[in-house]
Amino acid sequence: MSKLRVAVLGAKGRIGSEAVKAVEAAEDMELVAALGRGDDLETLTEAGAQVVVELTTPASVMENLDFCVRHGIHAVVGTTGWTEERLAQLDGWLAASPETGVLIAPNFSIGAVLTMKFAQIAAPYFESVEVVELHHPHKVDAPSGTATRTAQLIAEARSKAGCAPQPDATTTALDGARGADVGGVRVHSVRLAGLLAHQEVLLGGEGETLTVRHDSLHHSSFMPGVLLGARRVTTAPGLTFGLEHFLDLG
Ligand SMILES: NC(=O)C1=CN([C@@H]2O[C@H](COP(=O)(O)OP(=O)(O)OC[C@H]3O[C@@H](n4cnc5c(N)ncnc54)[C@H](O)[C@@H]3O)[C@@H](O)[C@H]2O)C=CC1
Ligand SMILES: O=C(O)C1=N[C@H](C(=O)O)C[C@H](O)C1
């Protein structure tokens, strides 16, 4: 059987360099291009890439995806910075290239995907839910894509269940003291040397708390998800948001 022809964008970055190694080591894949900032995207078509793994920056991702979708190259995207406007723009590009698939995965690690699922299940059963994400200090965005998605899923689950707004008597606070508000869910971002990527979802109710915590201790934690995404995206036309859809978690 022929190997899947995969290219990595952001190949010299923290996660991109790990993805290059993972694709090279995968028996069913061939790494056909490894591009960094300033490299010519035409290399992707010249190399016959079938799937691009996009691990660059929020400032670069849209231009790269525009190119990929226009050329019918499937994409697996880990880069953050997704807004409703960006998703709508991408949907428009995909409508014009209906056979192309794009997976956007706020987090490729299986544990993080499960954390989001567990939080979504637990959220309606507690009065209070807050998210704390903790990352290395080189990260350019806050809150993390994972925390934003987690908070959105929590907010959706609580709204669907008809939950009351969370109790919070704060009337005076320093700017930022209560974190960011994502759909009514507070999200706190810690940046600390020595960390990689971590998240806690804190849930509180009458006389009890539940904490759901996940720790990525090495960039290798993201690689099974990257490879799974590359294998599945070729048969999933259109936009898939979240690796859970390829894990049959719903
Ligand atoms: N979804 C997930 O599981 C994960 C997502 N990420 C996300 O991936 C992104 C990258 O993270 P890091 O590797 O930590 O950042 P990084 O800064 O180490 O790497 C980004 C790389 O992309 C390169 N780059 C920038 N523009 C480019 C372009 N137009 N074409 C090709 N390369 C370009 C940069 O020169 C740099 O080498 C961030 O948005 C981060 O949040 C990171 C880890 C896991
Ligand atoms: O920048 C990172 O490192 C990470 N980014 C992603 C995010 O913003 O959620 C995924 C993971 O947390 C690592």
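Each residue takes its place number in the sequence, starting with 1.
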Once you round to the nearest 0.5 Å, how far does CG of Leu243 lie from CG of Leu114? 10.0 Å
Restricting to non-hydrogen atoms, name the atom on Val233 and the atom on Leu103 that form the minimum distance, rounded to 0.1 Å. CG2-N, 3.7 Å
Nearest-0.5 Å distance, CZ of residue Phe67 to CG of residue Leu44: 5.5 Å
Pairs touching residues 109-131 that satisfy ring pair (Phe, Tyr, Trp, His ring centres under 6.0 Å), sequence neighbours left out: none
Quick one about His214 and Ser109 (side-chain donor to acceptor, distance below 3.5 Å, no hydrogens or angles considered), yes or no? yes
Presence of salt bridge, Arg158 and Glu127, under 4.0 angstrom: no
Glu42 atom CD, over 12 foreign heavy atoms within 6.0 Å: yes
Show the nearest heavy-atom pair for residues Pro106 and Gly145, with the distance to one decimal. CB-O, 3.9 Å
For Arg191 and Ser144, work out which heavy atoms get closest and say how close. NH2-N, 4.2 Å
Can you pull the salt bridge (Lys or Arg N to Asp or Glu O under 4.0 Å) pairs that have at least one residue in residues 49-67, sequence neighbours excluded? Asp66-Arg70
Determine the sole option in Val69, Thr57, Thr56 for which the side-chain contact (heavy atoms from CB on, under 4.5 Å) test with Asn64 is passed. Thr56
CD on Glu27 to CG on Leu4, rounded to 0.5 Å: 14.0 Å
What I want to check is whether the side chains of Gln50 and His74 have a donor and an acceptor closer together than 3.5 Å. no
Quick one: list whatever passes salt bridge (Lys or Arg N to Asp or Glu O under 4.0 Å) with Arg231, sequence neighbours left out. Asp28
Connected via hydrophobic side-chain network under 4.5 Å: Val61 and Leu239: yes
Checking side-chain hydrogen bond (donor to acceptor under 3.5 Å, both in side chains) between Gln199 and each of Thr150, Thr146, Thr115, Asn107, which is the one that passes? Thr150
Show every donor-acceptor pair shorter than 3.5 Å between a side-chain atom in residues 14-25 and any protein atom, with sequence neighbours excluded, or say none if there are none.
residue: Ser17; atom: OG; partner: Gly13; partner atom: O; Å: 2.7
residue: Ser17; atom: OG; partner: Arg14; partner atom: O; Å: 3.3
residue: Glu18; atom: OE1; partner: Lys21; partner atom: NZ; Å: 3.4

So which pairs with a foot in residues 206-228 pass salt bridge (Lys or Arg N to Asp or Glu O under 4.0 Å), sequence neighbours left out? Glu200-Arg213, Arg213-Asp215
Any chain of hydrophobic side-chain contacts (each under 4.5 Å) joining Val8 to Val226? yes
Any idea which heavy atoms bring Leu65 and Trp93 closest together, and the distance? C-CZ3, 4.1 Å
With sequence neighbours excluded, residues passing side chain to side chain contact (heavy atoms under 4.5 Å, CB included) with Thr83: Glu85, Arg86
Could you pull out the closest heavy-atom pair between Ser216 and Leu196, with the gap in Å? O-CB, 3.3 Å
Shortest non-hydrogen contact from Val182 to Val187? CG2-CG2, 3.8 Å
Checking Ile104 against Leu90 for the side chain to side chain contact (heavy atoms under 4.5 Å, CB included) test, could you report, in this order, the C-alpha distance in whole Å, the side-chain angles of both residues, the deciding distance, and whether it holds? CA-CA 11 Å; Ile104 297 174; Leu90 177 57; 3.7 Å; yes
Salt-bridge test for Glu130 and Arg178: reply yes if a basic N is under 4.0 Å from a carboxylate O, no otherwise. yes
